[in-house]
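Counting begins at 1 with the first residue of the sequence.
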Amino acid sequence: MSYNLLKGKRGIIFGALDPNSIAWITAERVHEEGGTFVLSNAPIAMRMGQIDELAKKTGSQVIAADATSVEDLENLVQQATEILGGKLDFVLHSIGMSVNVRKGRAYTDQKYDWTQKGTDVSAMSFHKVMQTLYKHDAMNEWGSIVALTYMAAQRVFPDYNDMADNKAYLESIARSFGYFFGRDKNVRVNTISQSPTPTTAGKGVKGFDGFIAYADKMSPLGNATALDCANYTVSLFSDLTKRVTLQNLFNDGGFSNMGVSDAVMDTFTEDDA
C-alpha cells in the first residue's frame with residue numbers, strides 16, 4: 001500500500017545488489033511512495049549484481065561510484081542533482097564489507113590491511129558521503145540520511161568479527177556528523193540497527209543460519225524482514241520524522257531489549273529432559 005509519503009522527494013540509494021538486499025527493497029518502496037532517486041554501487045558490485053534490472057523497474061539511473069573515493073562521490077552528487085533536477089531529500093547508505101570475514105580470518109588473527117579496507121568501505125565511506133553532501137550543500141532542508149547497522153556495535157557476536165568494530169564506528173560517525181548537519185543544514189542523520197537478515201552479505205557470516213533462528217526465538221515480534229527495514233527507512237525519509245536525528249533505531253522485533261525468551265529457555269529444558 002502506498003501513502004505518497006515521498007512524493008516530490010529526490011535522493012541517492014547506495015548498495016542495491018540483488019533482490020535480497022535491503023537497499024534493493026528500499027528502492028522499490030521509495031519508488032512506490034513517489035520518490036525519485038539515483039542508484040549507486042561500486043563498479044565491481046555492479047558487475048556482480050542485477051542493479052540494471054532495478055533501475056528499469058523504478059525508472060532510475062545508475063551511477064557507478066566507489067564510496068571510498070571522494071572524487072567518485074563528488075561526481076556522483078553532481079550528476080545526481082543534475083539528473084534529479086535539484087538538491088537531495090534523502091540518502092541511504094547500505095554499504096558494508098569485511099575481507100577478514102570473507103577470507104575466514106579470525107578476529108584474533110586479523111590481517112590489518114584487510115581490516116583497514118573493511119573500515120574504509122563500511123564506515124569511513126559514510127563520513128565521505130556526508131562530507132561531500134555537506135560541502136556541496138547538496139541536501140534540502142529537512143532532508144534525511146540513513147545508514148544501516150547491526151547491534152554487534154554494542155554487544156559481542158564473535159563470528160561478526162571486525163564488522164562489529166566497523167558498525168560501532170559507523171554509528172559514531174552518524175552522531176558526530178549528524179550534529180553538524182542538523183545545526184547547519186536542518187538535515188537528519190540516523191542509523192537503523194536491523195535484525196539479522198538473509199542478504200548476500202549477511203549469509204557470508206559464519207553460523208548465520210543458526211543465529212537468525214536464535215534471534216527469531218528471542219524476539220517477541222520475531223525478526224524484522226528486509227521489507228520491514230525498507231518501510232522503516234521510508235518513514236525516516238518522510239516528513240513524519242522531521243525532528244528525529246542522531247538516533248540508532250532498533251528494528252529487530254524487540255531483540256535488543258531481551259535477556260531471554262520462553263522459546264529459547266524451552267530449547268534448553270528440552271535438551272535437559
State whether the number of non-hydrogen atoms from other residues, nucleotides or ligands found under 6.0 Å of [X] atom [atom1] is greater than 12.
| X | atom1 | result |
| --- | --- | --- |
| N257 | CG | no |
| F157 | CZ | yes |
| E82 | CD | yes |

Inset, instruction - Calculate, to the nearest 0.5 Å, the distance between atoms CZ and CZ belonging to F14 and F37 respectively. - result: 13.5 Å

Sequence-distant partners of [X], side-chain hydrogen bond (donor to acceptor under 3.5 Å, both in side chains), two or more places apart:
| X | result |
| --- | --- |
| T81 | none |
| S94 | none |
| N231 | R29 |
| Q110 | T115 |

Legend entry - Pairs meeting criterion salt bridge (charged side-chain N to carboxylate O under 4.0 Å, His left out) with involvement of residues 234-256, two or more places apart: K9-D239

Inset, instruction - Kindly state each residue pair satisfying salt bridge (charged side-chain N to carboxylate O under 4.0 Å, His left out) with at least one member in residues 133-152, sequence neighbours excluded. - result: K87-D137, D137-K185

Flag side-chain contact, heavy atom, 4.5 Å: [X] against [Y]:
| X | Y | answer |
| --- | --- | --- |
| L133 | L88 | yes |
| Q194 | T149 | no |
| I63 | I12 | no |

Distance alone, cut at 3.5 Å: any donor-acceptor contact between the side chains of [X] and [Y]?
| X | Y | answer |
| --- | --- | --- |
| D120 | Q116 | no |
| Q61 | Q79 | no |
| D18 | Q50 | no |
| S98 | D162 | yes |

Legend entry - Those residues that, when tested against Y134, pass ring-ring contact (aromatic ring centres under 6.0 Å, His included) (two or more places apart): F177, F181

Inset, instruction - Quick one: list whatever passes ring-ring contact (aromatic ring centres under 6.0 Å, His included) with Y3, sequence neighbours left out. - result: none

Inset, instruction - Let me know which of Y150, Y107, F211 forms a ring pair (Phe, Tyr, Trp, His ring centres under 6.0 Å) with Y160. - result: Y150

Inset, instruction - Would you confirm whether N100, through its side chain, and R105, through its main-chain N or O, come within 3.5 Å as a donor-acceptor pair? - result: no

Quick one: list whatever passes side-chain contact (heavy atoms from CB on, under 4.5 Å) with [X], sequence neighbours left out.
| X | value |
| --- | --- |
| S176 | S172 |
| P220 | M258 |
| K7 | N4 |
| P158 | V156 |

